[in-house]
Amino acid sequence: MSRPLPVALMLALVAAAAARAVAAPAEGSHCAMQWIEPPPGAAATATSNVIFLNNCLGAGDCVLTPGMVNDSRTNVSTLAQAPTTLEPWKFTLPQWDALVACVREVYRPFQVEIVTIEPSNTTEYFEAMVAGRGAQLGQGAGTVGVAPFTCGVIPNAIAFSFANDYPNLDPVNAADLCWTVTHEIAHIFGLQHKFDARDPMTYLQPALPQKLFLNDDGPCGTSAARDCTMADDFEARGCPGPTTTNSYAKLAEVFDAQALPAPELTVTEPGDGAELARGFTVKAMASDDVRLRDVTLKLDGVAIGQPLRVPPFEWRTPRGLADGAHALELRATDYYGASTTVTLSVTTAQECTGAATGCGAGRLCLDGRCIVGPTEDGGLGRRCVGHDSCASGVCATSGEQRYCVEDCVVAADQCPDGFQCLAAGAGGVCWPEPTDDGGCSTADPRPAPLVLALLFAVAVLVPRRRRAARGPTP
């Protein structure tokens, strides 16, 4: 399969890249997928764990002969349409060393050996030629890599990454070339394209500085998600088996996985055994030697919020939590599925009772917990412009009126004096009752539940996609 040259560079470097004369592939450039029937000896596991990275600098290193089989030991390839020689690596040796280090890092979780000196032709090995141009192998403009593909391992296969089609190896292009090489190599082990921008087997532009094989089931696909057993415009056939793919699990099946350190995880708030008010906050610190996939929190076995991929790792627990003992479980998981779990127990109890505050100056009692009152900045009933201006973290609006609010149960009429519990979404919020003294009031003395709405900040992310090639893809 082949991978098309990226049309767009990483978002953070777009402006700088635009100033350079970097030739983009012509519109409509494509490549044809080269499916091969499973060769004799094809299997789920490999007969060698050696991958030879070849920069074609030695005499005769990349003289290719067409054939019906793929054989790294004799430079025979089903992708060669005629005898041809790839141009040698055109960049510097330090840049070559940096590329080799990147490929080794991406394949570090698996029991493979990445070498730069060609093994003896009496042994079996896989090969990645990283040099030359796509046209030298009959590939169309815009194709930076190609590999033979079947749904299993192709013994002694050669994958190609056309380094000399890159105008330079600035940081963006260097990262892209590493992505190409790791992507093409994986195809000869039977890995399909994955519709996940975090994984090397994707066509989607990176949201991360370096893609890593992700231990997470997900759909196949290049320009759109698809069932892995089905063909699409860019892959001539699907593969038998599950409808999803897991790049890490597939490679671990072929080569076995290395034992790598699990993430580090520390809960900074609360402490084990702490006595807390309802609606308490949980905070954690997490790190990994490679990259965190996510950090999650469960409260009494129920997930709180969504998995968090980047810090701060903070969660606010429900204010309607029943008083008593509760179990917290935090888990940090890395890209390769290794995880660390921390469990602790806490107890929640009422801070105050009834109408009596018992909470100190400027505070009110709401459903057994002390809250900031309207005499304090950000307190209940104070005017607000956004969530950050409220102590509760919630700013609500009805018509043109905006106030800091607190959660309440409509049927229980829990709000402090001067406030009414109005329906908002699936719950309720304490809203100032109308007054005649010029204080906090609503424009409508009876704001309808459907009028009252919480303000939500929405971040719109526009995904960047690698222009998909038609046909054999990397």
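- A distance of 11.5 Å separates CG in Leu191 from CD1 in Ile185, rounded to the nearest 0.5 Å.
- Contact record, Pro263 with Asp334: CG-N, 3.7 Å, taken as the closest heavy-atom pair.
- Residues Thr340 and Glu264 are not in side-chain contact: their nearest non-hydrogen atoms beyond the backbone lie 4.5 Å or more apart.
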Legend entry - Audit row: Met201, Phe213, side-chain contact (heavy atoms from CB on, under 4.5 Å) steps and yes/no: CA-CA 8 Å; Met201 301 315 297; Phe213 292 111; 4.0 Å; yes
Inset, instruction - Starting from the C-alpha separation in whole Å, work towards a yes-or-no answer on disulfide (SG to SG under 2.5 Å) for Cys404 and Cys395. - result: CA-CA 5 Å; Cys404 294; Cys395 178; 5.8 Å; no
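- Rounded to the nearest 0.5 angstrom, Thr347 OG1 and Leu276 CG are separated by 8.0 Å.
- Under the 3.5 Å distance criterion, the side-chain polar atoms of Glu184 are left unmatched by any main-chain donor or acceptor of Phe160.
- The local environment of CG in Asp377 is sparse, with at most 12 non-hydrogen atoms from other residues, nucleotides or ligands closer than 6.0 Å.
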Legend entry - side-chain contact (heavy atoms from CB on, under 4.5 Å) between Asp367 and Glu406, worked out: CA-CA 10 Å; Asp367 190 26; Glu406 293 278 352; over 6 Å; no
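- Contact between Leu251 and Tyr107 at its shortest, heavy atoms only, is CD1-CE2, 4.2 Å.
- In this structure, the side-chain contact (heavy atoms from CB on, under 4.5 Å) partners of Ser389, at least two apart in sequence or on a different chain, are Cys384, Val385.
- In this structure, the side chain of Asp256 does not engage the main chain of Gln111 through any donor-acceptor pair within 3.5 Å.
- The two residues Val410 and Gly427 come nearest to each other via the heavy atoms CG2-O, 4.1 Å.
- A donor-acceptor pair under 3.5 Å is formed between the side chain of Thr268 and the backbone N or O of Lys283.
- Outside the 6.0 Å centre-distance limit, the rings of Phe91 and Tyr166 are not counted as a close aromatic pair.
- Within the 4.5 Å cutoff, the side chain of Phe280 has heavy atoms near those of the Leu321 side chain.
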Below 3.5 Å, can you tabulate the donor-acceptor pairs from side chains in residues 293-311 to any protein atom, sequence neighbours excluded?
from: Arg293; atom 1: NH1; to: Asn215; atom 2: O; distance (Å): 3.3
from: Asp300; atom 1: OD1; to: Ala327; atom 2: N; distance (Å): 2.8
from: Asp300; atom 1: OD2; to: His326; atom 2: ND1; distance (Å): 2.7

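- Between the side chain of Trp431 and the main chain of Gln420, no donor-acceptor pair closer than 3.5 Å is present.
- A disulfide is assigned to Cys220 and Cys228, since their SG atoms are nearer than 2.5 Å.
- At least one side-chain heavy atom of Val282 sits less than 4.5 Å from a side-chain heavy atom of Pro270.
- The shortest side-chain heavy-atom distance between Ser247 and Pro200 does not fall under the 4.5 Å cut-off.
- The SG atoms of Cys359 and Cys370 lie less than 2.5 Å from each other.
- Residues Leu330 and Leu344 have side chains in contact (heavy-atom distance under 4.5 Å, counting atoms from C-beta outward).
- Distance alone, capped at 3.5 Å, is enough to place a donor-acceptor pair between the Arg382 side chain and the Glu376 backbone.
- A donor-acceptor pair under 3.5 Å is formed between the side chain of Thr397 and the backbone N or O of Gly399.
- Of the possible donor and acceptor atoms, one in the side chain of Thr348 sits under 3.5 Å from a partner among the backbone N and O of Ala322.
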Inset, instruction - Start with the C-alpha distance between Phe195 and Thr245, add both sets of side-chain angles, then the distance that settles side-chain contact (heavy atoms from CB on, under 4.5 Å), and finish with yes or no. - result: CA-CA 9 Å; Phe195 198 69; Thr245 186; over 6 Å; no
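- For Gly190 against Lys250, the heavy-atom pair with the smallest separation is O-CE, 3.8 Å.
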Inset, instruction - Apply the test disulfide (SG to SG under 2.5 Å) to residues Cys430 and Cys421: give CA-CA distance (whole Å), side-chain angles for both, the deciding distance (0.1 Å), then the verdict. - result: CA-CA 5 Å; Cys430 291; Cys421 189; 5.4 Å; no
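- A donor-acceptor pair under 3.5 Å links the side-chain atoms of Gln95 to the main chain of Thr92, judged by distance alone.
- Among all heavy-atom pairs drawn from Asp288 and Pro261, the shortest one is OD1-O, 3.8 Å.
- Cys102 contributes atom SG, which lies 12.5 Å from atom CH2 of Trp179 (distance to the nearest 0.5 angstrom).
- Ring geometry, Phe313 versus Trp315: the interplanar angle falls under 30°, so the pair is classed parallel (tilted spans 30 to 60°).
- Taking the six-membered ring where tryptophan is involved, the planes of Phe126 and Phe189 are perpendicular, since the angle between them exceeds 60° and thus also 30°.
- Proximity of a side-chain donor or acceptor of Lys211 to a complementary backbone N or O of Ala197 within less than 3.5 Å is detected.
- Residues Arg108 and Asp289 come closest through the heavy atom pair NH2-OD2, 3.4 Å.
- Separation of the Phe110 and Tyr248 ring centroids falls under the 6.0 Å cut-off.
- Counting heavy atoms from C-beta on, the side chains of Phe419 and Pro374 come closer than 4.5 Å.
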Legend entry - Test log, rule side-chain contact (heavy atoms from CB on, under 4.5 Å), inputs Asp272 and Leu328: CA-CA 9 Å; Asp272 191 24; Leu328 297 176; over 6 Å; no
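- With a 4.5 Å cut-off on side-chain heavy atoms, Ser392 and Ile371 do not count as touching.
- Of the possible donor and acceptor atoms, one in the side chain of Thr202 sits under 3.5 Å from a partner among the backbone N and O of Lys194.
- Two residues are said to be in side-chain contact when any heavy atoms from C-beta on lie closer than 4.5 Å; Gln210 and Glu105 meet this criterion.
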